[in-house]
Structures are given as C-alpha cells and as structure tokens.
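The next block holds one structure in the form of structure tokens; read it before the comments.
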There are 2 protein chains.
Amino acid sequence: MPLDRIDKAILSSLQSDCSQTNLQLAQQVGLSPPACLKRVKRLKAQGYIQKEVALLVPEKFGPYLHMVVEVEMERDNKAMNQRFLQRALASPEVKQCYQVTGEVDFVLICMVPDMPSYEAFCDRVLYAEANLKKFRTLISLKREKFDTRINTG
Amino acid sequence: MPLDRIDKAILSSLQSDCSQTNLQLAQQVGLSPPACLKRVKRLKAQGYIQKEVALLVPEKFGPYLHMVVEVEMERDNKAMNQRFLQRALASPEVKQCYQVTGEVDFVLICMVPDMPSYEAFCDRVLYAEANLKKFRTLISLKREKFDTRINTG
DNA sequence: CGTGAAATATGTATCGT
DNA sequence: ACGATACATATTTCACG
C-alpha cells in the first residue's frame, strides 16, 4: 500500500498548513471533499500523521536561548545510558535529542529562558549523572531555521 | 496586553493538538465556543501562533538519517557568512539552523535519506563555500525526542 | 470517486454583566 | 471589555449512485 501522487500532495500540504479546511485541501489536490477527507482519515489511521500542532512564535513569550549540548558517556553501559536518557527526555528544557555515533553519544537541543535556567538544568540532569564523561555546550542566540516538514517521497 | 491564564491554556492546548474542534477547546479552557474562538483569532492576529502543521512520522517514508553539523567559518565576514547562510537555509536537507557563539559558528540539523545524499549536500553547500574553515558531522541513526512545544510562561 | 442531504462546527449579532 | 445565548453560515460526514 504505497502512497500515490494525491496522498503525497495531501501530506505535503498538511505539513505546511493543517489549519485549512477540507474543502480547500480537496480543491488543492483535485478531489471532492468527501474523497479527500476519506484519504486524510486513512492516512491518519495508517500512522502517517503523528499529530497536528500549532507552532508558536518564541519571541512573543520573552527572552530565550537555545543550547546545543554534546554529551559523551563514560562507558557504553546500556542500562546506565538508558537511565540518563530517561532523565533527559523527561526534562522540559530538552526539546530534541539525537543519539549519535562516534565520540559523542547524544546531542540535545535545549531551550531555556536564560543562563541560570540552563545551569539549573545541567545540575539536575547532566552533573547528576555518574556515567556522563563530559559535555560541551554551544550557545545559540538565534535560530535561523526551523522546518518540521519532511520529504514525502 | 499580557496573556491571561485562559490564553495560555488555549496556546498550551493548541501546541499539543490543534486538530481538536473549537467546541472541545472551549470546553477544555472553560469558555463558551464563541468566546474561545474570539481568543484564538486574536492570538493568531497578534502573532502568537506562527502556523499550524501536521507532523509526519518519518519512518513511514523510508530510511533516513539525521546529521548534526557544526560549521566553523574562516573569518567573521558578515557578507560571506550571509551568503553561506542563504545557501544553507535554502537547502531542503537543512531542517534547522542555529547560529552559535564560540569556535563553531553554525549548527545545522540535516535530514537525508542516506549517506550519498548527505555527501551530495556537503559538496553542494559546504565544500562550495570558500569562507568555510571546517565542519564536523555527527551522524544520528535515532532521534529520541522531538518536541515543538515551548513554555507559554 | 462524485453528488446531494443531514449532522456538526464555525462564525456573527445581540444582550447582559 | 468580555462572556453567554441564539441564530446564521460553512464545513464535515454519510448515504447513494
């Protein structure tokens, strides 16, 4: 059950703007509203769409910083690393986490209102972890791009 | 014009799920549907909401890799850096870009189907840039967390 | 998949606090 | 100024061809 041209057009459109009505979407992809709606429902049921969210404008909510944090673990201890991961993923400051190969084990993208908040996060999550060898923080004052869209093939 | 408790509840709810109807949202925040709708419209008009998007499930579209790329520029040449930035931001592989302070100048989060695609991207965008001193790539086979929500205060 | 009708949601106007 | 109720409009959804 591969996606046809129209399914891809629907997904492509929805990941740019899901606030449009099914009427508009149907017209865009050249289907009748019911046919379009049926496809959207099917795509959701089949798990292509994780969820629909509003992206807010961070500047409107006061000052903030992004931190790119490279985390290096002491040993490749699965259990210990899982424990750290759990803590990190549960932290509201951590917006993204990538497991990477090489020297570095994880890259975190954190968002905090200021430096003290980041230091508190480090104390709570990073310094508290015995198996954490070291970490490096890259401070970002400006996010130049943030695009949640992916290639639909 | 600061946001009150209800505005924050609305934004908080919408950035978790904007597929819900205004009826549901109104009930959640304890307002009548018209009162709730008026607030949502106002929040959009005032620029708190950038857009509403569908987040797709990457695994459903074939294999992919994330790359965390640290880019170091040769000199702090504003004009040259702008030219690089323009190229990077225009590249579909680059999903996020952070300007950072310190040795590294930019961090890119790229998404590609495979290594050859990434190499093609490097040739096109990174190696083609004269003012680029060096870059380091961290390869991620697994994105552990991706949360687009921010603190509404 | 499309058409047309029913159900539901969004949007508007007015009133009341 | 803000919210609620009642009403009008638009969209979603279902039945049928």
Side-chain angles (χ1 to χ4, degrees), chain A residues 1-63 146-153, chain B residues 1-62 147-153:
Chain A
M1 51 179 191
L3 301 179
D4 66 13
R5 195 181 52 77
I6 298 182
D7 285 330
K8 287 175 187 169
I10 289 174
L11 291 170
S12 189
S13 183
L14 286 181
Q15 63 174 341
S16 285
D17 177 15
C18 67
S19 73
Q20 61 191 316
T21 67
N22 181 58
L23 253 58
Q24 298 173 297
L25 182 62
Q27 187 165 32
Q28 267 206 10
V29 303
L31 285 180
S32 68
C36 182
L37 187 63
K38 223 176 98 189
R39 280 173 181 257
V40 173
K41 300 266 172 178
R42 199 197 74 227
L43 290 167
K44 283 181 186 171
Q46 289 180 161
Y48 288 95
I49 299 177
Q50 192 190 69
K51 56 179 175 174
E52 297 172 38
V53 303
L55 299 181
L56 306 188
V57 177
E59 290 75 16
K60 301 290 282 186
F61 300 87
F146 187 74
D147 187 351
T148 59
R149 295 172 302 177
I150 68 176
N151 233 338
T152 51
Chain B
M1 50 179 192
L3 301 179
D4 65 14
R5 194 181 53 78
I6 298 180
D7 285 330
K8 288 174 186 168
I10 290 173
L11 290 171
S12 188
S13 183
L14 286 181
Q15 64 174 341
S16 286
D17 177 15
C18 68
S19 73
Q20 61 192 316
T21 68
N22 180 58
L23 256 57
Q24 298 172 298
L25 181 61
Q27 187 165 32
Q28 267 206 8
V29 302
L31 284 182
S32 68
C36 182
L37 188 61
K38 225 177 92 188
R39 279 173 181 259
V40 173
K41 298 271 171 178
R42 199 198 72 227
L43 290 166
K44 283 181 187 172
Q46 289 179 159
Y48 288 94
I49 298 176
Q50 192 188 68
K51 57 179 176 174
E52 297 172 38
V53 303
L55 300 181
L56 305 188
V57 176
E59 290 75 16
K60 301 289 283 187
F61 301 88
D147 186 352
T148 59
R149 294 171 302 176
I150 68 176
N151 233 337
T152 50

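Just so we're clear, the structure is a prediction, and the values are computed from it rather than from any experiment. Residue numbers begin at 1 in each chain, while the letters A, B, ... track the order of the sequences. The figures that follow rest on heavy atoms only: side chains count, while hydrogens, waters and symmetry mates do not.
- Contact annotation: B:R39 side-chain N/O to D:dC2 OP1/OP2 distance is not under 4.0 Å.
- D:dT13 atom C1' lies 7 Å from atom CG of A:L37, rounded to whole Å.
- For the OP1/OP2 pair of D:dC2 and a distance below 4.0 Å, the side-chain nitrogens and oxygens of B:R42 include no atom meeting the criterion.
- Using modelled atom types, no side-chain atom of A:Q27 and backbone atom of A:Q24 make a donor-acceptor pair closer than 3.5 Å.
- Comparing D:dT12, C:dC1, C:dT10 by their nearest atom to the side chain of B:N22 picks out C:dT10.
- Rounded to an integer number of Å, the gap from CG of A:L23 to P of D:dT13 is 12 Å.
- For the pair A:Q20 CD and C:dT10 P, the interatomic distance rounds to 16 Å; values are reported in whole Å.
- When all heavy atoms of B:K44 and B:I49 are compared, the pair lying nearest together is CG-CD1, 3.9 Å.
- Contact check for A:R39 versus A:V29: no side-chain heavy atoms found under the 4.5 Å cut-off.
- A:Q28 is not listed as a side-chain neighbour of A:I10, based on a closest heavy-atom distance of 4.5 Å or more.
- Here the P atom of nucleotide D:dA1 and the CG atom of B:L31 are 18 Å apart, to the nearest Å.
- Among D:dT11, D:dT13, D:dG3, the nucleotide with an atom closest to any side-chain atom of B:K38 is D:dG3.
- B:S32 comes within contact range of at least one nucleobase, with a heavy-atom separation under 4.0 Å.
- To the nearest angstrom, P of C:dT10 lies 14 Å from CD of A:Q24.
- Checking D:dA6, D:dT11, D:dT13 against every side-chain atom of A:P34, the shortest atom distance belongs to D:dT13.
- Relative to the side chain of A:K41, the nucleotides D:dT13, D:dA4, C:dA9 differ in distance, and D:dT13 lies closest.
- In this structure, B:D4 places its CG atom 9 Å from P of D:dC2, rounding to the nearest Å.
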